[in-house]
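Structure, as structure tokens:
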Amino acid sequence: MAETIKGLKRTAYCAEFNMKNVGEEITVFGWVQRQRDLGNLIFIDIRDRSGIIQLSFNEATDAEIFEKAKATRTEWVVAAKGVVAERESKNKEIPTGDIEVMVNEFRIISKAQTPPFEVEKSDTVGDDVRLKYRYLELRNEKLTKNIIMRHNIAKIAREYFYDNGFIEIETPMMIKSTPEGARDYVVPSRIQNGKFYALPQSPQIYKQLTMIAGFDRYIQLARCFRDEDLRADRQPEFTQIDLEMSFVECVDIMNMCEGFIKKLMKETLDVDIPEKLPRMTFEEAMNSYGSDKPDTRFDMLSQDISDWADQTDFVVFKSAIADGGSVKAFVAKGGAEAYSRKKIDKLTNHAKGIGAKGLAYIRWAEEEPNCSFAKFLREGELDALIKQLGAEKGDVVFIISDKTRKALTIMGALRLLAAKELGIIPENKWNYLWITEMPFFEPDEETGEYVAAHHPFTMPMQESVEFLDTDKSKVKAQAFDLVLNGTELSSGSMRITDCALQNKMFELLGMTQEEIDAKFGFLVDAYQYAAPPHGGMGIGLDRLAMLICGAESLRDVVAFPKLQNASELMSGAPSYIDDVQLEELGINLINEKES
């Protein structure tokens, strides 16, 4: 280590020492996590980014050094030099728990006032305090490890793609505002008053231009910005491992990504995954799991019981089918004990909260199953349904009837909730999955009109092109998603390279020729100078880090995250700017400033 403080040079990080170093004289730097004064003995745990090591002071310690140790408090920065010794009372909870440092030189580098919370217990403090003092929370060993893991993921990504012939190209951070599905963050121009840059939602257009430029394999750890409502797995600014390849088909891009994932899992978690990841069509995923990002670590698959339901006298089921919908069910094996009537009522309220009209059920806890709609069934119909579903005594069956897509989506959400409540989702299991044959358009929930499901540069499957003007429901995209344990990590696709088809796609999005020229004219022009067939994808680095670290939120893998209202408590961003800056930018605020 090259670090030197007043003649002391750090030997290594705290957690890098072990029993092999006993008898060696070492120097460590760090923050005081805990000081324990036992009278004739003082122990200080000091922490750096690697972990903790114990410093020991006793009757043989120089008196001046002993007094310094006695005065030391939590979160002070210190330097210590001493001899590594085997501990009498060992701590198996930490890597350095077999050793301690018998200190012969000790320096207090920087004193700290009493922190607003104990760093090692920061997870017990409210968000408002933790995020205001984020630089203190980041000293917490768990968060430190998460940030280092994120760094390692980025490092492995760069190494892998460099080794496979990719060129890292930085694309602009201030770009022209173009429609990409979310609101843009905009930056006013002082020099060109009244005009605005947009922060990129993704480097999509620019990476396609690098293909036209002939670089053929592009990679970037790209910062992206989207002005959307936040949630646990979303931040207004995020990073994606962004790649693009020329002279390829979908399978080539997917194969390249699989190599990266295999290397990543082995080097970070020492987990071996298959050479080829499983693949499932969008339709299969929706029909079986009620989700286009299914968690395949457990079963409880959705089953279609429409044919059975249509033969009954239950008007709720029959009406849904008559309206072109379906009746879907899943079996919670062994769920009868966990799901009392009261708990089923709670689940029903949850289902209604996400759009369901109701939740039918069969609970088989006693000798005879209890069915919420039994009075509408004829003799033998319930037995036939139970047999069809493969339900047994001790199980609960949940049933949703609605428009098919809606019924599946609600069923998928209930499946996940039930699995969590029943505790059947296995830990330390890594189920990667490709979703393929994505629909090109999807129906708008409010209007029923078909709208684009992907960005406007996505190539439709060749056999689907004929349906662009006649039946949008039949158009499929040359697109694919990578899913891990129910979380979407990446979207990718082949890109349109035909000028006429690209123009048609813009028109299908409702854009006039004037709007196309104004917003995308430079891209359309570029394609007139010959473009290679190309495609790519963007892998969410933040989400990938969150899952590998076992974190509950993106906040746990981002150094300085924002809250749900897109504010950052530590610095106070966003904030007002003064009138001089506003005048320079030609901006006049309509809303009064808050006092």
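We use all heavy atoms of the structure for the numbers below, so side chains are in, but hydrogens, waters and symmetry mates are not.
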Contacts satisfying ring pair (Phe, Tyr, Trp, His ring centres under 6.0 Å) that involve residues 368-408 (not counting sequence neighbours) are Phe314-Phe373, Phe314-Phe376, Phe317-Phe373, Phe330-Phe398, Tyr339-Phe398
Working for side chain to side chain contact (heavy atoms under 4.5 Å, CB included), residues Met494 and Thr458
CA-CA 6 Å; Met494 293 299 294; Thr458 303; over 6 Å; no
- Between the side chains of Ser89 and Arg87, does any donor sit under 3.5 Å from an acceptor? no
Start with the C-alpha distance between Phe480 and Ile253, add both sets of side-chain angles, then the distance that settles side chain to side chain contact (heavy atoms under 4.5 Å, CB included), and finish with yes or no.
CA-CA 10 Å; Phe480 43 89; Ile253 303 166; 3.9 Å; yes
Stepwise salt bridge (charged side-chain N to carboxylate O under 4.0 Å, His left out) test for Lys318 and Asp310: CA-CA 5 Å; Lys318 294 178 75 69; Asp310 200 27; 3.8 Å; yes
**Request:** Could you tell me whether the side chain of Ser122 reaches within less than 4.5 Å of the side chain of Leu136, counting heavy atoms only?
**Result:** no
Answer with yes or no whether the side chains of Gln240 and Asp242 bring together a donor and an acceptor at under 3.5 Å. yes
Checklist entry - In terms of ring plane angle, is the pair Phe117 and Tyr133 parallel, tilted or perpendicular, where the classes change at 30° and 60°? => result perpendicular
Q) Do His455 and Gln204 have side chains that get closer than 4.5 Å, going by heavy atoms? A) yes
- Task: Please answer whether the main-chain N or O of Leu301 pairs with a side-chain N or O of Ser288 as donor and acceptor at a distance below 3.5 Å.
- Result: no
Is a donor on one side and an acceptor on the other found under 3.5 Å between the side chain of Arg363 and the backbone of Asn370? no
Arg47 (side chain) donor-acceptor with Cys14 (main chain) under 3.5 angstrom
no
CG of Leu416 to CD1 of Ile425, rounded to nearest 0.5 Å, is 6.5 Å
Pairwise side-chain contact, Leu377 with Asp313, heavy-atom cut-off 4.5 Å (strictly under)
no
**Asked** Between Arg279 (side chain) and Trp434 (backbone), is there a donor-acceptor pair under 3.5 Å?
**Response** no
**Item:** Worked check of salt bridge (charged side-chain N to carboxylate O under 4.0 Å, His left out) between Arg555 and Asp127
**Value:** CA-CA 10 Å; Arg555 292 182 192 175; Asp127 285 351; 2.6 Å; yes
Q) Does Tyr361 have Arg341 sitting over its ring (NZ/CZ under 6.0 Å from centre, angle to axis within 45°)? A) no
Legend entry - Ionic contact status for Asp383 with Lys387, cut-off 4.0 Å: no
### Task
Please assess Glu228 against Arg234 for the test side chain to side chain contact (heavy atoms under 4.5 Å, CB included), listing each intermediate value before the final yes or no.
CA-CA 9 Å; Glu228 300 177 297; Arg234 181 181 289 168; 3.7 Å; yes
inquiry  = Would the distance check show the side chain of Asp227 and the main-chain N or O of Tyr185 forming a donor-acceptor pair, the cut-off being under 3.5 Å?
reply    = no
- Query: Is there a donor-acceptor contact under 3.5 Å linking the side chains of Glu568 and Ser571?
  - Reply: yes
Check your understanding: Under 3.5 Å, side chain of Glu267 to main-chain N/O of Leu264, donor-acceptor pair present?
Key -> no
Counting C-beta onward and ignoring hydrogens, is there a side-chain heavy-atom pair between Arg226 and Glu237 closer than 4.5 Å? no
Polar side-chain atom of Ser464 near backbone of Lys476 as donor-acceptor pair, under 3.5 Å: yes
Would you sort out whether Lys266 and Asp272 count as a salt bridge (charged side-chain N to carboxylate O under 4.0 Å, His left out), showing the intermediate values? CA-CA 6 Å; Lys266 185 64 178 176; Asp272 290 306; 3.4 Å; yes
| request: Please confirm whether the backbone N or O of Glu488 pairs with a side-chain atom of Arg543, one donor and one acceptor, at under 3.5 Å? | output: yes
Checklist line | Sub-4.5 Å side-chain heavy-atom contact between Gln235 and Lys562 | finding: yes
Answer yes or no: is there an ion pair linking Lys328 with Asp304, defined by an N-O contact shorter than 4.0 Å?
yes
Exercise. Taking NZ, NE, NH1 and NH2 as the nitrogens, is one of them in Lys393 or Glu367 under 4.0 Å from a carboxylate oxygen of the other?
Worked result: yes
Exam field: side chain Ser326 to backbone Thr404, donor-acceptor pair closer than 3.5 Å | no
Taking the side chain from Lys92 and the backbone from Gly97, do they hold a donor-acceptor pair closer than 3.5 Å? no
Exercise for review: Answer with yes or no whether the side chains of Lys121 and Asn140 bring together a donor and an acceptor at under 3.5 Å.
Suggested key: no
